[in-house]
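Down below is the structure, laid out as structure tokens.
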Amino acid sequence: MTISLDGKVAVVTGSGRGIGRAYAAALAEAGAAVVVNDVDANVAEEAVGQIIAAGGRAVAEVVAVGSAEAAERLVGRAVEAFGRLDVMVTNAGVLRNRVMWRMTDDDFDAVIETHLRGTFTCARAAVNRMREQGEGGRIITVSSDAGQRGNFEQTNYSAAKAGIAAFVRTWAMELAKSNITANAILPKALTRLAASIPGMDSIIEAAERGEPIPDTLRKGWGIGLPEDAAPLVIFLASDMAAGITGQCIGLGGDKLALWSHPREVSIAYKDGRWSAEEIATAWQTAMGLTPETYGLDFLQRQ
């Protein structure tokens, strides 16, 4: 079975390099026309050139993601160049990693602006166009394990990625009648952007030297090359995924994973109002015996 995206038009934010470029190239190879986005014109045009050289269709739109104006430009570019929009992939992101007590307002705002606000504005602009077309569509957001588990030095990033996961759970309900699905992907790939994550720099340098990625990473940690994460975007953009919405799905290396939604895992009841002392007793005797874990296992710090 071959999944085809012939006739589809996609926007991929932050797709001039790294994992975003892998998404754009894979979408084009599957038959979609693609709007490549980056803040660097040379990088964006290079990505477009590679897609065209491989027989695909692509154009560039150079703009920083975050504002409503930027989102409208991206959707407008798709419609101007290819006549419609079917898929929005909100991949653009930046990192400003610091422990919480050293994180500045600018560090926090820069990450929230691009990841969280940028996902919202681009998805909103795309949905408005898709609803106008009346033929459904696909919103594919990019969350992260850090948004599910938390991560050292990533207050801003973890919060944004958790918010993005919450977006799709809400949008799945709101967009159902319009036949538009909304899902979050959680990719893990060895890119330059990820090199700033504590513990990742040496791993990425080894991959860039052409060293094979060991199974402890590809299977155990679910980390591979950018191209390893791209097939999930193709699947979710396709007609095969028409009934899939509101999900958080991870792909990296050799590991494909469906993430659970937050849910109650331990419950206690009593007649009447709880006292603080009764809560303490319940925690010590039942509810707190197996507290929830947190943090990314492979980057845990003492």
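- Checking side-chain atoms of Lys161 against main-chain N and O of Val142 turns up a donor-acceptor pair under 3.5 Å.
- For the pair Ser143 and Ala184, the tightest heavy-atom approach, listed with the atom from each and the gap, is CB-CB, 4.1 Å.
- Interatomic distance, OH of Tyr294 versus OG of Ser158, reported as 13.5 Å (0.5 Å rounding).
- In this structure, the side chain of His261 engages the main chain of Gly246 through a donor-acceptor pair within 3.5 Å.
- One N or O on the side chain of Asn91 and one on the backbone of Gly14 form a donor-acceptor pair closer than 3.5 Å.
- Around atom CG of Asp105, no more than 12 heavy atoms belonging to other residues, nucleotides or ligands sit under 6.0 Å away.
- Screening residues 49-59 for salt bridge (charged side-chain N to carboxylate O under 4.0 Å, His left out), with sequence neighbours left out, gives no hits.
- Other residues, nucleotides and ligands contribute only 12 or fewer heavy atoms inside 6.0 Å of the CZ atom of Arg102.
- Heavy atoms of other residues, nucleotides or ligands lying less than 6.0 angstrom from NZ of Lys177 number 12 at most.
- Remark: the Arg117 side chain and the Thr114 side chain contain no N/O donor-acceptor pair separated by less than 3.5 Å.
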Going through the checks in order, is the side-chain contact (heavy atoms from CB on, under 4.5 Å) test met by Val59 and Val48?
-> CA-CA 6 Å; Val59 295; Val48 168; 5.6 Å; no

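- The pair Arg138-Asp86 fails the salt-bridge criterion, with no side-chain N (NZ, NE, NH1 or NH2) lying under 4.0 Å from an Asp/Glu carboxylate O.
- Applying the side-chain contact (heavy atoms from CB on, under 4.5 Å) test to Ser238 and every residue at least two apart in sequence or in another chain returns Ile3, Leu5, Phe235, Met240.
- A donor-acceptor pair is defined here as one N or O able to donate and one able to accept, closer than 3.5 Å; such a pair exists between the side chain of Arg73 and the backbone of Val62.
- Salt bridge status for Arg84 with Glu135: present, with a side-chain N to carboxylate O gap under 4.0 Å.
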Derivation of the side-chain hydrogen bond (donor to acceptor under 3.5 Å, both in side chains) call for Asp106 and Thr104 | CA-CA 5 Å; Asp106 287 344; Thr104 68; 5.2 Å; no

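- Heavy-atom contacts from other residues, nucleotides or ligands closer than 6.0 Å to CG of Asn128 number more than 12.
- Atom OG1 in Thr121 sits 7.5 Å away from atom CD in Glu113 (nearest 0.5 Å).
- Judged as a side-chain hydrogen bond (donor to acceptor under 3.5 Å, both in side chains), and not counting sequence neighbours, the contacts of Asp254 are Arg218, Lys219.
- Ionic pairing of Arg96 and Asp109 is not present here: no N-O contact between side-chain nitrogen and carboxylate oxygen is shorter than 4.0 angstrom.
- Smallest separation of non-hydrogen atoms from Arg169 and Cys248: NH2-SG, 3.8 Å.
- Judged by distance alone, the side chains of Asn97 and Gln154 do bring a donor and an acceptor atom under 3.5 Å apart.
- When each of Asn183, Leu175, Thr141, Thr245 is paired with Val168, the side chain to side chain contact (heavy atoms under 4.5 Å, CB included) condition holds for Thr141 and for no other.
- Residues Thr155 and Arg98 have side chains that never bring a donor and an acceptor to within less than 3.5 angstrom of each other.
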Pair Gln50-Arg21, side-chain hydrogen bond (donor to acceptor under 3.5 Å, both in side chains): steps then yes or no | CA-CA 10 Å; Gln50 289 184 353; Arg21 180 181 285 200; 3.1 Å; yes

Decide side-chain contact (heavy atoms from CB on, under 4.5 Å) for Ile244 and Leu236; before the verdict, give the C-alpha distance in whole Å, the side-chain angles of both, and the deciding distance to 0.1 Å.
-> CA-CA 8 Å; Ile244 301 171; Leu236 290 175; 4.3 Å; yes

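- Here Thr90 contributes atom OG1 and Leu116 contributes atom CG; the two are 10.0 Å apart, rounded to the nearest 0.5 Å.
- A distance of 7.0 Å separates OG in Ser15 from CG in Asp38, rounded to the nearest 0.5 Å.
- To the nearest 0.5 Å, the span separating CG on Asp145 from CH2 on Trp221 amounts to 12.5 Å.
- Between Thr13 atom OG1 and His115 atom NE2 the span is 10.0 Å, to the nearest 0.5 Å.
- More than 12 heavy atoms of other shown residues, nucleotides or ligands fall within 6.0 angstrom of atom CD in Gln133.
- Closest approach of Ile19 and Pro226 over heavy atoms only: CA-CB, 3.8 Å.
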Derivation and outcome, side-chain contact (heavy atoms from CB on, under 4.5 Å), residues Leu256 and Ile249 = CA-CA 7 Å; Leu256 177 66; Ile249 307 170; 4.0 Å; yes

side-chain contact (heavy atoms from CB on, under 4.5 Å) between Val94 and Val111, intermediate numbers included = CA-CA 6 Å; Val94 298; Val111 171; 4.2 Å; yes

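- Shown here is Arg124, whose CZ atom has more than 12 heavy atoms of other residues, nucleotides or ligands within 6.0 Å.
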side-chain hydrogen bond (donor to acceptor under 3.5 Å, both in side chains) evaluation trace for Glu278 with Ser275 = CA-CA 5 Å; Glu278 288 169 329; Ser275 70; 3.2 Å; yes

